[in-house]
Amino acid sequence: TSFSKGAHLRQRWQFFRMKYRTLGTCCLIGTNVLIWSSYSVAPAAPRKQSIFQWLGSSAPTTKWPQSWLPTKQLWDTHFFSSYSAVAGQRRLETIPLCTFMHADGFHLLFNMVTLFFFGRQVEQILGIGRFGILYAGSGTIAAASQVAACGRKEPRTRICGA
């Protein structure tokens with residue numbers, strides 16, 4: 001009976017793949033839009049209060065918004081790559097993650113329209129797994145190449161949306 005269950009699952013997966021042929025492209029577009037939107041509405045990091053504010057001084061204070069969103073500092077730290085971040089601070093996770101970050105709405109729009117029209121075609125040819133590997137691999141290679149090209153001459157240049 002376990003063989004028949006496996007055959008049944010395989011048959012359902014093939015039906016799912018045929019029905020949703022561009023699921024990977026749609027998921028990548030959704031992921032990119034979600035990450036950029038979350039960055040766009042992220043609150044700024046809280047400022048540290050000085051000793052005078054603790055003692056009740058009338059100096060203006062900045063109140064930290066109680067929010068479940070991560071701060072801009074988290075997004076800047078992990079989703080923008082640069083030579084100084086990779087070589088100096090050993091934050092290698094920024095290389096693949098920066099492919100999901102975009103500089104502004106137009107950058108995001110252009111990349112997602114291109115992904116929508118070309119990605120669907122490539123995904124139908126390669127399949128969802130190979131397409132995901134191609135997307136992640138090419139984005140990582142492009143970001144790493146940009147980091148290497150900036151090098152020591154421009155160590156703080158932020159790389160995103162490769």
Side-chain angles (χ1 to χ4, degrees), residues 17 20-54 59-162:
R17 279 189 7 208
Y20 304 104
R21 299 181 90 176
T22 59
L23 181 66
T25 303
C26 294
C27 287
L28 284 173
I29 290 171
T31 301
N32 278 286
V33 169
L34 179 69
I35 288 175
W36 183 79
S37 300
S38 297
Y39 174 74
S40 297
V41 299
R47 293 184 183 166
K48 293 183 179 178
Q49 292 185 342
S50 70
I51 187 73
F52 298 111
Q53 291 168 341
W54 261 34
T61 61
T62 57
K63 294 193 176 190
W64 170 243
Q66 299 299 319
S67 174
W68 55 270
L69 292 173
T71 63
K72 287 238 190 241
Q73 182 181 4
L74 177 121
W75 295 105
D76 289 338
T77 302
H78 296 289
F79 284 84
F80 285 101
S81 189
S82 67
Y83 182 80
S84 65
V86 173
Q89 300 169 2
R90 303 281 187 233
R91 289 190 322 217
L92 299 177
E93 79 279 359
T94 61
I95 293 175
L97 289 179
C98 75
T99 61
F100 294 104
M101 185 56 72
H102 295 80
D104 57 21
F106 290 115
H107 181 208
L108 175 72
L109 178 66
F110 179 76
N111 281 6
M112 295 307 103
V113 167
T114 304
L115 180 61
F116 179 75
F117 286 112
F118 292 108
R120 292 182 309 154
Q121 304 298 321
V122 174
E123 183 181 0
Q124 287 181 357
I125 294 169
L126 296 179
I128 191 169
R130 290 187 186 123
F131 176 68
I133 292 170
L134 176 70
Y135 182 87
S138 60
T140 301
I141 289 170
S145 300
Q146 187 66 37
V147 167
C150 289
R152 294 177 190 253
K153 293 180 184 176
E154 301 172 10
R156 301 241 184 254
T157 300
R158 292 174 16 153
I159 292 133
C160 64

Throw together a table of side-chain donor-acceptor distances under 3.5 angstrom for residues 145-156, partners on residues two or more places apart or in other chains.
unit_1	atom_1	unit_2	atom_2	d
Ser145	OG	Ile141	O	2.8
Glu154	OE1	Thr157	OG1	3.4
Arg156	NH1	Ser84	OG	3.2

For residues 112-121, run the donor-acceptor check on the side chains, cut-off 3.5 Å, and write out each pair with its distance to 0.1 Å, sequence neighbours left out.
unit_1	atom_1	unit_2	atom_2	d
Thr114	OG1	Phe110	O	2.8
Arg120	NE	Phe116	O	2.8

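Listed by chain and number, the residues in a side chain to side chain contact (heavy atoms under 4.5 Å, CB included) with Ala42 are Lys72, Trp75 (sequence neighbours excluded). In terms of the side chain to side chain contact (heavy atoms under 4.5 Å, CB included) criterion, residue partners of Thr31 (sequence neighbours excluded) are, by chain and number, Ile35, Phe100. Considering only residues two or more places apart in sequence or on other chains, Ala87 meets the side chain to side chain contact (heavy atoms under 4.5 Å, CB included) condition with Tyr83. Residues meeting the side chain to side chain contact (heavy atoms under 4.5 Å, CB included) test with Leu34, sequence neighbours left out: Ser38.
Using a 4.5 Å cut-off on side-chain heavy atoms (C-beta onward), Asn32 and Asn111 make no contact.
Across all their heavy atoms, Ile159 and Ser82 have their closest contact at CD1-CA, 4.2 Å. The minimum heavy-atom distance linking Ser81 with Thr94 is given by the pair OG-OG1, 3.2 Å. Listed here is the closest heavy atom pair of Ala143 and Ile95: CB-O, 3.5 Å. Scanning all heavy atoms of the two residues, the minimum distance from Cys160 to Ala103 falls at SG-N, 3.7 Å.
Rounding to the nearest 0.5 angstrom, the gap separating the CZ atom in Phe131 from the OG1 atom in Thr22 is 9.5 Å. Note that OG1 of Thr140 is 12.0 Å distant from CD1 of Ile133, once rounded to the nearest 0.5 Å. Atom CD of residue Gln89 and atom OG1 of residue Thr77 lie 8.0 Å apart, to the nearest 0.5 angstrom.
Judged as a salt bridge (charged side-chain N to carboxylate O under 4.0 Å, His left out), the pairs with a partner in residues 74-93 (not counting sequence neighbours) are, in order, Asp76-Arg158.
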